[in-house]
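Per chain, numbering begins at 1; letters A, B, ... match sequence-line order.
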Amino acid sequence: MSGHLTLDGVAYPFQSGQTVLEVARENGIKIPALCYHRKTGPAGRCRVCIVEVEGQAGLPTSCNLEAKDGMVVYTNTEAVLEVRRSVVNLLLANGEHNCLSCEQNGRCELQDAAYDLGIEIPAFTIIGPEVEIDDSSEMIVNDRRKCIQCGICVAACNNVVVNEVLGMGQRGFDSRIVCDLDVPMAESTCVQCGECVQLCPVGAFIEKKAIGQGRSWELETVDTTCPYCGVGCQLTLHVDTNANRIVRVTGREVVPNDGMLCVKGRFGYEFPSSPNRLTQPLIRKNGELEPVSWEEALDFTAERIKKIVEEHGPDVFSAFGSGRTTNESNYAISKFTRAVIKTNNVDHCART
Amino acid sequence: MKPDVRAQILDLAATYPTPQAALLSALQMVQEAEGGRLTTEDLSDVARLLDVPLGTVYATVSYYTMLNLEPVGKYHLQLDTNISAKLVGALDLLAHIEQALGISAGETTPDGLFTLSTVEDLGACGTCPVLQVNDRYYEKMTAERFDELLTSLKQGVMPDWKTEGNWGTECNILLARRGKPDSTALAGYVADGGYQALEKALTLSPAEIVQMVKDSGLRGRGGAGFPAGVKWSFLPKGSTKPVYLVCNADEGEPGTFKDRQIMEFDPHLLLEGMAVSGYAVGAKQGYIYIRGEFAWIADILERAVAEAREAGKLGNNILGRGVEFDVRVVRGAGAYVCGEETALIESLEGKRGNPRLRPPYPAASGVFGCPTIVNNVETLACVPYIVLEGAEAFSQIGTPNNTGPKLFGVSGHVNKPGVYEFPLGVPLAKILEAAGGVVGNLKAVIVGGLSTQILTADECRDLTMDYDTCAEYGTGLGSGGIIVMNDTVEIPEIALRTIEFYAHESCGQCTPCRQGSTTIKQMLKRVVDGKGSSEDLENVLQLCKTIMGNTLCPMGDAFSMPIEAMLLKYRAEFDSLLPDGSLVR
Ligand SMILES: Cc1cc2nc3c(=O)[nH]c(=O)nc-3n(C[C@H](O)[C@H](O)[C@H](O)COP(=O)(O)O)c2cc1C
Ligand code: SF4
Ligand code: SF4
Ligand code: SF4
Ligand code: FES
């Protein structure tokens with residue numbers, strides 16, 4: 001059933017099957033929603049996305065509230081704000097929510113919610129046992145002190161990327177994220193894909209190498225294609241322009257990867273600024289590699305190929321395309337090999 | 001893993017649509033075979049066998065209190081310290097046991113013989129203090145009896161002590177066969193006219209039975225009082241998926257110990273109720289989800305199921321009439337929330353007992369995503385009477401809109417704690433009289449299990465016990481678990497013990513319950529310890545207000561309503577605990 005619903009006095013159209021939260025987001029109306037992500041679906045856990053609906057008792061959660069024609073919804077009534085404030089205060093009551101030093105500062109959904117609700121100092125304090133940080137793995141730090149138990153990482157690891165590592169261990173106030181049978185992440189079956197990092201709404205899963213390398217507003221974002229393989233995952237580079245250095249990589253939620261990346265695409269981003277990187281052509285002269293101009297390098301290569309093929313025939317030549325170059329380059333390699341050199345010895349790293 | 005256990009697990013897994021559904025049972029089987037504890041290797045084995053991710057296995061095993069990741073002694077002594085037990089001296093008994101064993105709760109004796117734990121409600125409120133030793137209950141425990149028990153255990157013998165609880169019935173429907181010798185056997189049940197309702201039911205159409213149950217006015221006995229026949233009619237019409245009937249036998253609400261009376265002493269009454277109901281709703285498979293602590297009752301049920309199947313009362317050709325309905329007994333593993341119907345369904349599917357987000361409701365999508373009806377034991381046990389005697393006869397018992405017999409479990413400060421069957425609408429005073437009268441001066445009563453609002457002695461003087469009247473009095477009939485408190489009781493302590501229970505049992509999914517219960521617990525602890533402030537009390541009230549109605553499952557209401565009531569009605573007692581001068585009102 002499509003139709004129109006009213007959000008804070010303004011009517012908006014919706015498509016059949018949409019939730020109130022989706023309609024609100026689509027139209028730029030902010031409802032905090034800490035446990036919802038499109039990829040993991042409504043979970044109903046955080047309880048901050050509540051709204052008031054005319055003619056309906058209580059305060060339903062908008063993340064799983066199906067939009068209905070003629071529905072009249074208020075997202076910010078005093079009743080809503082009172083409960084929402086209480087819930088966010090409860091989330092802040094324990095753990096280590098210190099935005100001063102947090103990597104998520106500026107892009108944290110809990111921080112946003114607290115800010116929007118005007119919470120300066122948490123209203124309650126829960127004294128709990130010290131919770132450990134798991135920084136055993138190479139790329140990812142799991143700071144459980146910041147975890148708000150939204151369950152998104154567990155759902156993502158198991159149902160989105162299907163790496164099936166994470167679980168929510170124990171229960172109640174003692175609940176905590178575990179890897180496999182509660183082993184450190186480094187000893188677990190985690191493949192460091194970083195989906196949990198990308199989807200965690202707070203700073204409980206963060207990129208290890210990015211720690212202290214710049215806050216979100218200090219970094220410039222550049223959308224690009226992952227250079228590693230032929231899938232062509234879309235990603236965003238977060239760049240410290242002063243240092244001309246990539247600080248972190250996030251996946252873009254578009255075709256073909258919908259935000260997911262592999263360990264290389266997400267964490268193998270140092271090579272552009274590596275001092276070992278080739279920046280100009282080299283030719284070995286008298287046993288030493290010497291920088292030369294592109295012209296010289298190309299002439300030299302063409303001459304050698306020509307000579308070898310002339311002397312030994314085309315079948316001594318073979319070419320390997322690479323997944324790290326574009327489709328067009330790979331096409332050119334194939335065409336060059338078959339039409340110019342006249343051999344079928346052409347292959348590609350992504351063929352296996 | 002032992003090969004026979006492995007084979008058993010695989011056999012079980014094969015009966016479910018997904019192997020994961022066998023996870024919880026598999027963990028229980030392995031634990032039992034491996035001496036009461038699950039090692040990392042056991043968990044990996046089970047994970048591989050059932051093709052369940054390791055993280056999910058850990059999440060499941062660490063959720064349930066009866067699954068042990070740490071070694072326990074040869075005898076695991078578990079003392080119920082919930083409110084009903086506390087009222088009759090469980091904490092003194094605990095001190096005695098600790099002294100006798102030379103360890104504190106949570107510890108194991110150096111010889112590895114005994115582990116002592118304090119646990120939440122064991123569903124034995126009328127016979128407490130109760131001590132569970134491995135899978136056996138020792139009820140009406142005293143210091144002397146404990147010493148005797150200990151001597152026996154030290155000699156390697158778990159004595160076979162039977163405890164007879166008090167009971168009485170005015171209706172002779174649910175407890176009709178309670179006093180009979182060997183009341184669990186099929187022969188006796190049949191001799192007393194059992195399974196005639198099933199005979200009759202099979203001559204009727206399913207729709208006719210649903211109508212009868214609707215007409216009878218039978219309301220669910222699990223707590224919410226929702227009309228059973230109406231619930232049944234919510235099943236989607238024309239669905240091609242199988243329908244499941246689930247009997248909720250989790251009985252974990254403190255103050256409640258009624259369902260076990262039916263299952264332990266008249267299991268065929270429940271099975272007949274299930275067979276008739278299963279036929280009515282079009283289910284071929286029924287499950288009885290029973291709390292894991294009731295191990296011996298689960299055994300009784302399993303024997304009854306086998307007997308009934310043998311006699312053609314269950315199975316794929318019931319009474320030779322081509323009707324198919326069978327029952328499986330599934331044991332929980334220690335989690336109060338698993339009494340909540342969607343958590344129960346998750347647990348039945350072998351997972352953590354996390355309540356599900358609704359909609360969809362179980363009638364549309366329950367066990368394995370199929371239409372499912374969940375009813376309480378007592379609800380289902382009423383069905384044979386309705387079918388046999390007619391809706392009219394049933395609705396004449398009790399009061400309008402509150403029909404039929406009801407089991408009331410009375411615990412705490414009465415002379416004869418026990419279970420009493422009366423028509424709904426019976427005066428509370430009459431129940432208390434049946435329970436031998438109040439010990440000392442009545443101060444307060446919790447009438448419907450711990451999740452309902454406390455009533456002062458004055459408030460409950462004229463109360464009659466049915467759903468509507470209890471609601472009028474600002475409380476609920478709930479499960480009919482009546483906890484009686486005399487004037488030796490201090491309400492702030494009861495409030496603290498209440499919230500300790502709920503904080504312990506919160507599944508942790510949603511913020512208000514997980515964080516709120518623990519916040520309230522710590523604030524009330526401060527108050528009870530004389531270190532609180534009036535701000536703490538105001539905060540508790542504010543939290544109760546904002547938690548109520550705002551949690552994923554009704555558990556948030558289950559603690560915010562009673563805590564708020566205790567605080568509002570007995571504010572002076574709380575205030576008197578505040579340090580001098582801190583009271584600013
Ligand atoms: C936290 C919680 C615990 C519950 N525990 C039980 C229980 O132990 N037994 C039970 O029958 N119902 C229990 N219920 C109620 C069930 O969710 C469900 O309403 C009931 O089993 C339906 O059966 P009925 O309609 O026959 O009463 C519980 C509900 C909640 C919220
Ligand atoms: S990095 Fe990927 S595989 Fe590892 S825990 Fe996170 S989501 Fe799972
Ligand atoms: S680690 Fe992050 S994503 Fe995972 S439950 Fe905690 S807050 Fe949610
Ligand atoms: S209210 Fe929330 S946390 Fe509490 S038991 Fe229900 S789902 Fe779990
Ligand atoms: S986003 Fe709706 S409950 Fe968390």
Nearest 0.5 Å, please: how far is OG1 in B:T40 from CG in A:D180? 11.5 Å
Using heavy-atom distances under 4.5 Å, tell me whether B:R356 contacts chain A through its side chain, its backbone, both, or neither. neither
Would you compute the distance between atom OG1 of A:T61 and atom CG of B:N550 and round it to the nearest 0.5 angstrom? 9.5 Å
By a 4.5 Å heavy-atom criterion (distance strictly below it), what part of A:N158 contacts chain B: side chain, backbone, both, or neither? side chain
In terms of heavy-atom contacts, does CD of A:E78 have more than 12 from other residues, nucleotides or ligands at under 6.0 Å? yes
Proximal component of B:Q522, with respect to chain A [non-hydrogen, under 4.5 Å]: side chain
Can you confirm whether the side chains of A:E82 and B:Q542 place a donor and an acceptor under 3.5 Å from each other? yes
Answer yes or no: does atom NZ of B:K525 have more than 12 heavy-atom neighbours from other residues, nucleotides or ligands under 6.0 Å? no
Minimal non-hydrogen separation, B:R514 against A:L91, with atom names: NH2-CD2, 3.7 Å
Separation between CG of A:L181 and CG of B:L43, rounded to the nearest 0.5 Å: 5.5 Å
When heavy-atom pairs shorter than 4.5 Å are enumerated against chain A, which of B:S517, B:G549, B:G516, B:C507 gives the highest number? B:C507
Approximate separation, where rounding is to 0.5 Å, of A:N94 CG and B:T518 OG1: 8.5 Å
Over 12 foreign heavy atoms within 6.0 Å of CD, A:E138: no
Heavy-atom pairs under 4.5 Å with chain B, option from A:V178, A:I50, A:I127, A:V48 with the top count: A:I127
How close do A:L90 and B:P512 get, heavy atom to heavy atom, and via which atoms? CD1-CA, 4.0 Å
With rounding to the nearest 0.5 Å, note down the distance linking NZ in B:K521 to CZ in A:F173. 8.5 Å
Of the listed A:A43, A:S188, A:A93, A:A79, the one with the largest count of heavy-atom pairs under 4.5 Å with chain B is A:A43
Residue pair B:L357 / A:R47: nearest heavy atoms and the distance that separates them: CD1-NH1, 4.3 Å
Let me check something: any side-chain donor-acceptor pairs from residues 159-172 of chain A under 3.5 Å, sequence neighbours excluded? List them with distances.
residue : atom : partner : partner atom : Å
A:Q170  : OE1  : A:R176  : NE           : 3.1
A:Q170  : OE1  : A:R176  : NH2          : 3.4
A:Q170  : NE2  : B:Y58   : OH           : 3.1
A:R171  : NE   : B:H504  : O            : 3.3
A:R171  : NH1  : B:Y63   : O            : 3.0
A:R171  : NH1  : B:G334  : O            : 3.2
A:R171  : NH2  : B:H504  : O            : 3.4
A:R171  : NH2  : B:E505  : OE1          : 3.1

Among B:D536, B:T551, B:T60, B:V57, who wins on heavy-atom pairs under 4.5 Å with chain A? B:T551
At a 4.5 Å cut-off on heavy atoms, which part of A:P60 comes close to chain B: side chain, backbone, both, or neither? neither
Quick one: of B:G353, B:G55, B:A47, who has the most non-hydrogen atom pairs under 4.5 Å with chain A? B:G55
Candidate pair B:T511 and A:R45, rule side chain to side chain contact (heavy atoms under 4.5 Å, CB included), full reasoning: CA-CA 6 Å; B:T511 313; A:R45 296 174 67 117; over 6 Å; no
In terms of heavy-atom contacts, A:S175 and B:G508 come closest through OG-CA, 4.1 Å
Most chain B-contacting option - heavy-atom pairs closer than 4.5 Å, from A:V87, A:L59, A:D182: A:D182
What is the minimum heavy-atom distance between B:C510 and A:G44, and which atoms define it? CB-O, 4.1 Å
From CD1 (A:I126) to CD (B:Q515), nearest 0.5 Å: 4.5 Å
For atom CG of B:D51, decide whether the heavy atoms of other residues, nucleotides or ligands shown that lie under 6.0 angstrom number more than 12. no
Does a sphere of radius 6.0 Å around OH in A:Y115 hold more than 12 heavy atoms from other residues, nucleotides or ligands, not counting ones at 6.0 Å or beyond? no
Is it the case that atom CD in A:Q15 sees more than 12 heavy atoms from other parts of the structure closer than 6.0 Å? no
